[in-house]
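Here is the structure we will look at.
Side chains are part of it too, since the values below use all heavy atoms of this structure and drop only hydrogens, waters and symmetry mates. Indexing begins at 1, ligand by ligand and atom by atom, following the structure's order.
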Amino acid sequence: MKYLAVSTEALKQAADVLCNGGLVAFPTETVYGLGADAFNPQALAKIFEVKKRPHFDPLIVHIAAVETLEDVTNLSLLNTETKEKLFLLVEKLWPGPLSLILPKNDKIHGIATAGLSTVAIRFPDNECAQKLISLSTGAVAAPSANPFGAISPTKAEHVRDGLGDKVDIILDGGCARIGLESTVLDITGDNIKILRPGGTPKEAIEDIIGSINDNTIEDSIFIENTACGLTSPGLLKSHYAPRTPLTVQKHDDIINQPYKSGFAFLFFDGFTRDIWLKTQKPADSAIIMVLSETGQVQEAAFRLFETLHVLDNEKITHIFAQLAPQNGLGEAINDRLIRASS
Ligand code: TXA
Ligand code: MG
């Protein structure tokens, strides 16, 4: 494995590795991705092997130019209304943390899509990712670069710790700017649906294409692997999980949660922590963390996975985590916390 800081030379080497069927971990604005050439089924198979990812869980294909959409999808299968929505979303929200489910074409092998007739496409808003994709075949399939079910990596070090030598190159491009995966949106059916809340808030999508249905927190955690296949297989209950047991609590519950030795507390905001500190008597050594002192969802989203990585390396027996307000990126934060708690 080569661990390289992003540079013109490193990008060239990494693109070569991709073109020759290897695996490259690279930064995006959301989390680090584990990339393989989207047109090479052998390379795609390696992703599943290295991550120990079940084959029923499809990958996101990353592109670096809107024109590439034609090479990886079959847009002629979309009706006029859906096409209009697609182009509006692409115009306003790409590049960015939004993966769109679209009909696939024959160039995309079924291994990338877990046998589905649709493919998830994303145009990441990160210069390193864009250059890497452009220098390779123009389409890079990449799940988050973590072992299946573990916390997603927001730093190159997380990738090294989780996957290490199983990757040919890890490109270090610093901290992921958003820190949470992309929103996965299905616009192909009669009902437009958010399959996974993420870096693009629902409100931003609704501003462009009008009101949409999404899974409530309660719905999404009960989506199970059924014999007929999953609508979005990444929505498994136990995902993004730290090794330490984690319980999610609303503000009113966490302020009454008694402290015990070995417990760690993860507050959404400093205000709630201060209330809790007034009534509970934690030990000096207690681990008490706050995602955003002033309660900003964006800052909290940025710090969530990094904080879970830190907590997971502490000697603790239980994490109590406060839910975020369910607006903007708060929805994605809560989705990840609830999955982490399964
Ligand atoms: O931000 C992100 O999306 C990151 C970076 C690397 O781009 N990638 C990522 O990939 O999170 P992954 O594999 O961890 O999650 C992909 C999600 C899964 O929930 C998967 O089920 C869903 O996208 N997905 C992919 N293709 C799909 C399809 N054809 N239909 C429904 N869901 C799909
Ligand atoms: Mg993932």
N146 N/O/S atom closer than 2.8 Å to the Mg ion (ligand 2): no

L59 to ligand 1, any heavy atom closer than 4.0 Å: yes

Over all atoms of both residues, closest heavy-atom pair of K83 and L75: CE-O, 3.1 Å

Minimum non-hydrogen distance to atom 26 (N) of ligand 1, winning option of P58, P97, A141: P58

Residue portion contacting ligand 1 (non-hydrogen atoms closer than 4.0 Å) for R196: side chain

Test of proximity, T30 against ligand 1: N or O pairs below 3.5 Å: yes

Atom of W94, atom of I63 and distance for their closest heavy-atom approach: CZ3-CD1, 4.0 Å

Ion pair K202/E331, N-O distance below 4.0 Å: no

Closest non-hydrogen atom pair between V310 and M289, with its separation: CG1-CE, 4.1 Å

Distance-only polar pair, side chains of D269 and T272, donor-acceptor under 3.5 Å: yes

Element-labelled atoms of ligand 1 that are located less than 4.0 Å from some non-hydrogen atom of V184: 23 (O)

Nearest candidate to atom 3 (O) of ligand 1, where distance is taken over non-hydrogen atoms, out of A176, S182, A129: S182

Ligand 1 atoms in contact with L195 (distance to a heavy atom under 4.0 Å): 31 (C), 32 (N)

Ligand-residue contact atoms, ligand 1 with S144, heavy atoms, under 4.0 Å: 8 (N), 9 (C), 10 (O), 12 (P), 14 (O)

Proximal ligand 1 atoms for L116, defined as those under 4.0 Å from one of its heavy atoms: 28 (C), 29 (N), 30 (N)

Heavy-atom nearest neighbour of atom 16 (C) of ligand 1 within options L185, I60, D57: I60

Atoms in ligand 1 flagged as close to G33, the criterion being non-hydrogen separation under 4.0 Å: 6 (C)

Region of T118 engaging ligand 1 - heavy atom pairs below 4.0 Å: both

Nearest option to atom 7 (O) of ligand 1, as decided by whichever heavy atom of R53, K51, H62 sits closest: H62

Heavy-atom donor-acceptor pair, D186 side chain to K193 backbone, under 3.5 Å: no

Side chains of V61 and I121 in contact at under 4.5 Å (non-hydrogen atoms): yes

F263 ring center within less than 6.0 Å of F320 ring center: yes

Ionic contact status for E181 with R122, cut-off 4.0 Å: no

